Student: 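Before anything else, here's the structure in question.
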Amino acid sequence: MFDELIRAASNVLGAHGPAASVTASYTPTDFSIHFFLQIAVILLVCRIVGWAAKKFLGQPQVVGEMIAGVLIGPSLFGLFFPEWQAALFPKETRNILYVGAQFGVGLYMFLVGTTLRLDHFQSKAKSAVGVSAAGIVAPFLLAAAITPFLLDIPGLFADGLGQGSATLFMGACIALTAFPMLARIINERGLANTSLGTLSLTAGAFDDAVSWCVLAIVLATFGGGPGIALLAIAGGLGFALFMFFVGRKLLIPLGRVVEAKGELTHTLLAIVLMLYAMAAFFMDAVGIHAVFGGFLLGACMPRGLLTEEIRKKVEPMTVVFLLPMFFTYSGLNTQLTTVNSLSILGVALGILLVSIAAKFGACWLAARLAGEDNRTAMGIGALMNARGLMELIIINIGLQKGIIGPTLFAIMVLMAIVTTVMAGPLFEIVYGRKARAEGRLGALESEEAMEGRRDRDVTQLA
């Protein structure tokens with residue numbers, strides 16, 4: 001086992017997939033030409049669909065962008081204009097989108113980490129542990145119940161994939177809670193500095209970490225070797241412990257320098273981005289994912305002017321420019337036309353219902369048993385049920401590694417969209433409206449209002 005661990009660690013810079021054999025027919029100029037046109041189209045479509053999602057569905061911009069990614073892919077654009085879609089997004093150029101997408105989603109999770117309130121988590125540790133455990137155990141139990149039926153349907157899983165591996169993969173997918181989506185919902189709903197918001201975000205973080213470790217085990221049993229799983233679990237846990245006990249202390253001087261200067265200078269910003277890149281690299285290299293490196297670094301950043309300046313200078317570019325690249329990359333792999341029969345639609349509906357019961361129901365029950373009142377518990381369940389971005393990440397890996405087929409990928413994309421779209425409105429029904437009427441929550445904020453509030457906070461701190 002030790003030899004396997006060393007072998008996996010020594011190969012982190014080697015080739016890890018189809019990208020290693022990319023065709024040489026495209027010159028650098030060809031990639032550049034495609035990239036700039038792709039970005040223009042991506043930003044246009046994401047802005048339009050995001051605006052429509054906010055106006056007609058009451059959803060955050062980011063939810064509209066997730067839907068836009070699917071529309072740009074073969075499910076709509078490629079269905080009606082296949083030649084145009086293939087010309088705009090040739091397969092050879094998608095690796096560039098992939099790298100930009102991973103950079104953006106990891107950087108966004110870094111920003112999410114800077115909003116985490118550890119003091120709230122410590123005061124609600126009992127509830128957070130209970131919600132986290134329920135959000136893990138229930139999905140895996142229900143996955144064990146439905147996976148044997150799914151394996152009997154051709155094309156959902158790879159040929160030869162064992163029931164144990166398939167169950168673990170499905171459990172990991174159902175157990176996920178979407179960090180970025182959840183963070184946007186929490187900010188929009190005025191929960192960023194509340195114990196409920198921090199409890200939900202922290203419980204979701206733990207659930208996602210477990211899901212990624214389980215995915216590493218699945219990849220190992222599917223041919224990666226035990227060293228892959230060992231490296232992921234040991235590396236991820238070791239990095240988290242290092243950041244919590246050592247990293248936070250090492251970052252304190254950085255916060256003091258920013259406070260003394262009154263701003264985050266270009267040099268200090270470069271240092272912050274370098275630290276993010278190294279954290280993302282490490283977590284990616286050990287087999288977890290770059291997003292957790294960014295999140296852990298953000299959570300350990302000294303609070304105050306440093307984190308406010310980081311959000312002010314980094315968030316606009318990340319949210320507006322980088323995140324849409326990820327949604328588009330996922331959308332290019334989504335073919336909803338594969339869900340083309342009543343039996344497959346029945347499977348999709350079944351997975352959706354099981355996923356909602358596993359997260360909303362189990363997390364609500366755990367919060368109630370931990371002593372939370374019914375409305376708070378239902379609010380937690382509604383927030384934990386959002387999957388969006390993280391779900392897209394894990395199923396993309398499953399598709400790239402050959403664990404699942406295009407049909408199951410499309411089904412899981414639908415599940416991710418539905419559970420994310422329903423999270424905000426469901427939260428308002430079960431918790432938000434009454435809490436606002438009682439004055440315990442402020443009015444809903446638009447993205448522009450949140451940006452203005454953050455700017456005012458930075459001015460006051462300076």
Side-chain angles (χ1 to χ4, degrees), residues 17-55 59-109 111 180 184 273 277 280 290-291 313-338 388-389 392-393 395-397 399-400 406 409-410 413 416-417 447:
S21 60
V22 68
T23 179
S25 62
Y26 273 67
T27 67
T29 302
D30 293 325
F31 286 110
S32 175
I33 291 171
H34 278 88
F35 178 76
F36 289 123
L37 182 57
Q38 288 169 357
I39 290 299
V41 172
I42 290 169
L43 293 179
L44 175 63
V45 176
C46 284
R47 284 289 114 184
I48 292 174
V49 179
W51 169 83
K54 287 192 293 184
K55 183 173 181 63
Q59 295 292 329
Q61 171 76 26
V62 70
V63 175
E65 291 174 358
M66 184 171 69
I67 298 172
V70 176
L71 300 181
I72 294 175
S75 298
L76 185 68
F77 183 36
L79 180 63
F80 293 101
F81 306 99
E83 294 182 357
W84 289 10
Q85 206 257 0
L88 179 60
F89 296 101
K91 187 176 297 184
E92 292 82 4
T93 67
R94 293 184 187 180
N95 290 330
I96 298 177
L97 278 180
Y98 176 81
V99 174
Q102 300 313 301
F103 177 73
V105 73
L107 196 58
Y108 185 77
M109 285 314 305
L111 296 170
R184 297 296 286 184
L273 292 176
V291 294
K313 294 183 176 180
V314 176
E315 185 172 10
M317 186 69 171
T318 302
V319 173
V320 175
F321 183 78
L322 295 174
L323 268 186
M325 294 173 64
F326 176 80
F327 295 125
T328 300
Y329 181 81
S330 297
L332 292 173
N333 291 320
T334 304
Q335 298 183 27
L336 296 181
T337 53
T338 59
L389 190 58
L392 296 182
I393 294 172
I395 62 177
N396 268 285
I397 293 175
L399 184 66
Q400 292 164 8
F409 181 85
V413 169
I417 292 175
E447 291 185 61

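Only a predicted model underlies this, so the values are computations on that prediction, with no experimental measurement involved.
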Student: Under the side chain to side chain contact (heavy atoms under 4.5 Å, CB included) test against L107, which residue among V319, T318, L323 passes?
Tutor: T318
Student: Does the side chain of Q335 come under 3.5 Å of the side chain of S75 through a donor N or O and an acceptor N or O?
Tutor: no
Student: Test side chain to side chain contact (heavy atoms under 4.5 Å, CB included) on T93 and L97; report intermediate values, then the result.
Tutor: CA-CA 7 Å; T93 67; L97 278 180; 5.8 Å; no
Student: Classify the angle between the aromatic ring planes of W84 and F81 as parallel (below 30°), tilted (30 to 60°) or perpendicular (above 60°).
Tutor: parallel
Student: Rounded to the nearest 0.5 Å, what separates atom CZ in F409 from atom CG in N333?
Tutor: 5.0 Å
Student: Nearest heavy-atom pair of E65 and F327: which atoms, and what distance?
Tutor: O-CB, 3.4 Å
Student: Of all the heavy-atom pairs spanning P74 and G331, show the shortest one and how long it is.
Tutor: CD-O, 3.4 Å
Student: Show your working on side chain to side chain contact (heavy atoms under 4.5 Å, CB included) between F89 and I72 and close with a plain yes or no.
Tutor: CA-CA 10 Å; F89 296 101; I72 294 175; 3.4 Å; yes
Student: Of all heavy-atom pairs between P82 and L79, which one has the smallest distance, and what is that distance?
Tutor: CD-O, 4.0 Å
Student: If I take atom CE from residue M325 and atom CZ from residue F35, how far apart are they, to the nearest 0.5 angstrom?
Tutor: 4.5 Å
Student: Quick one: OG1 on T334 to CG on L399, what's the gap to the nearest 0.5 Å?
Tutor: 8.5 Å
Student: For M66 versus L392, what's the shortest heavy-atom pair and its separation?
Tutor: CG-CD1, 3.9 Å
Student: Within this structure, what is the CD1-CG distance for the pair I42 and L37, rounded to the nearest 0.5 Å?
Tutor: 9.5 Å
Student: At what distance, to the nearest 0.5 angstrom, does CZ of F326 lie from OH of Y108?
Tutor: 13.0 Å
Student: Give, for atom NZ of K54 and atom CD of Q59, the distance between the pair rounded to the nearest 0.5 Å.
Tutor: 12.0 Å
Student: Closest approach of V320 and R47, non-hydrogen atoms and distance?
Tutor: CG2-NH2, 4.3 Å
Student: When you compare the side chain of V70 with that of L76, does any pair of heavy atoms fall below 4.5 Å?
Tutor: no
Student: Any idea which heavy atoms bring L332 and Q85 closest together, and the distance?
Tutor: CD2-NE2, 3.2 Å
